[in-house]
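Can you keep this structure in mind? I'll have questions shortly.
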Amino acid sequence: GAGVSQSPSNKVTEKGKDVELRCDPISGHTALYWYRQSLGQGLEFLIYFQGNSAPDKSGLPSDRFSAERTGGSVSTLTIQRTQQEDSAVYLCASSFTGPPYSSYGGYTFGSGTRLTVV
Amino acid sequence: DAKTTQPPSMDCAEGRAANLPCNHSTISGNEYVYWYRQIHSQGPQYIIHGLKNNETNEMASLIITEDRKSSTLILPHATLRDTAVYYCTVTSGTYKYIFGTGTRLKVLA
């Protein structure tokens, strides 16, 4: 597609439920990133996928969070047993290459999924 | 990871140049400076990046000091559509941007 597509755009869920957030990156982009942004805060790195390499999961805040990327394209971020502190905008981004300092440009971000846990 | 500091907010008159400063005093030799902006309810948008030379593209200019400890993003003729939060970030040496809370730029008519 022309841009990074995320779905759903908004999700309201009850505390304790599981949620899945989807990211469809730009075709041909090998690197995919998940960030989250709490209200009034900056962006917090969550996880990074590059090609067929093992993902860097070092930013995931707890073991309730997991992500996968199937076929080097679509990615799903799963949050189990959601808590109120998980409420945030979850942003996905993609780029042609991993190390940003060697790329010809930055990431392309999607519009995000606004998750509200009630 | 290098960190950046930016003023929390700035105002600029429409049509004038907006100069957004950023301090990154702990930047290391191979780290680039990147600028993004985030317009309300949208994902961040890449603007420009640089290593040590000044850079210009269709959106903005980036001026990096000789010691690389600070930089300035210049929007030469700000418009109302440039109202956004502007993030200055440096690469961590891998791929994890460390985003702060940015500068909220308000362009005034």
Side-chain angles (χ1 to χ4, degrees), chain A residues 3-7 9-10 21 23-26 29-51 53-60 88-114, chain B residues 1-9 22 24 27-53 55-60 62 64 68 71 73 84-104:
Chain A
V4 177
S5 178
Q6 291 188 247
S7 60
S9 55
N10 283 285
L21 312 180
C23 173
D24 203 338
I26 292 174
H29 279 190
T30 59
L32 187 147
Y33 319 78
W34 284 97
Y35 283 77
R36 75 175 175 181
Q37 187 172 32
S38 301
L39 187 63
Q41 302 299 309
L43 283 76
E44 175 189 2
F45 168 80
L46 296 178
I47 189 169
Y48 160 70
F49 295 90
Q50 170 59 23
S53 302
D56 178 349
K57 306 178 182 180
S58 62
L60 295 178
V89 176
Y90 289 81
L91 290 157
C92 175
S94 69
S95 68
F96 271 109
T97 186
Y101 53 80
S102 65
S103 75
Y104 60 54
Y107 301 167
T108 300
F109 279 88
S111 296
T113 293
R114 182 176 299 278
Chain B
D1 294 341
K3 295 184 178 179
T4 61
T5 56
Q6 299 175 254
S9 64
C22 179
H24 32 78
I27 192 170
S28 62
N30 65 346
E31 290 182 321
Y32 280 59
V33 180
Y34 274 73
W35 283 82
Y36 285 79
R37 73 179 182 185
Q38 188 172 27
I39 297 172
H40 182 61
S41 299
Q42 298 181 20
Q45 175 190 24
Y46 165 80
I47 301 174
I48 198 167
H49 74 283
L51 182 63
K52 56 183 178 181
N53 297 321
E55 302 288 345
T56 295
N57 63 19
E58 66 278 5
M59 291 184 69
L62 175 61
I64 302 174
R68 302 208 327 121
S71 61
L73 178 76
V85 178
Y86 287 77
Y87 296 100
C88 165
T89 182
V90 296
T91 62
S92 64
T94 53
Y95 37 74
K96 303 175 206 176
Y97 290 147
I98 308 296
F99 287 92
T101 52
T103 296
R104 186 172 298 275

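Everything quoted here is computed from the prediction, not taken from an experiment. Excluded from the calculations below are hydrogen atoms, water molecules and symmetry mates; all remaining heavy atoms, backbone and side chain alike, are included. To find a chain, count down the sequence lines: A is the first, B the second, and so on, and within it residues start at 1.
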Check: Do other residues, nucleotides or ligands put more than 12 heavy atoms under 6.0 Å from the CZ atom of B:Arg68?
Finding: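 It does: B:Arg68 CZ has more than 12 such atoms within range.
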
Item checked: OH on B:Tyr36 to CG on A:Leu43, rounded to 0.5 Å ->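 The CG atom of A:Leu43 sits 10.0 Å away from the OH atom of B:Tyr36.
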
Check: Which region of A:Gln37, side chain (C-beta onward) or backbone (N, CA, C, O), has a non-hydrogen atom less than 4.5 Å from a non-hydrogen atom of chain B, or is it both or neither?
Finding: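 A:Gln37 touches chain B through side-chain heavy atoms alone.
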
Next item on the list: Work out which heavy atom in B:Pro44 is nearest to a heavy atom in A:Leu91; give both atom names and the distance.
Entry: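 Closest approach of B:Pro44 to A:Leu91: CD-CD1, 3.9 Å.
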
Checklist line | Pairs of heavy atoms under 4.5 Å with chain B: top-ranked of A:Gly42, A:Gly112, A:Ala93, A:Cys92 | finding: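 Heavy-atom pairs under 4.5 Å are most numerous for A:Gly42.
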
Next item on the list: Could you name each residue pair satisfying salt bridge (charged side-chain N to carboxylate O under 4.0 Å, His left out) that touches residues 33-46 of chain B, not counting sequence neighbours?
Entry: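 Qualifying pairs, neighbours excluded: B:Arg37-B:Asp82.
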
Margin query: Could you work out, with side chain to side chain donor-acceptor pair (under 3.5 Å) as the rule, every residue matching A:Ser7, not counting sequence neighbours?
Written below: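 By the side chain to side chain donor-acceptor pair (under 3.5 Å) rule, A:Ser7 matches no residue at all.
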
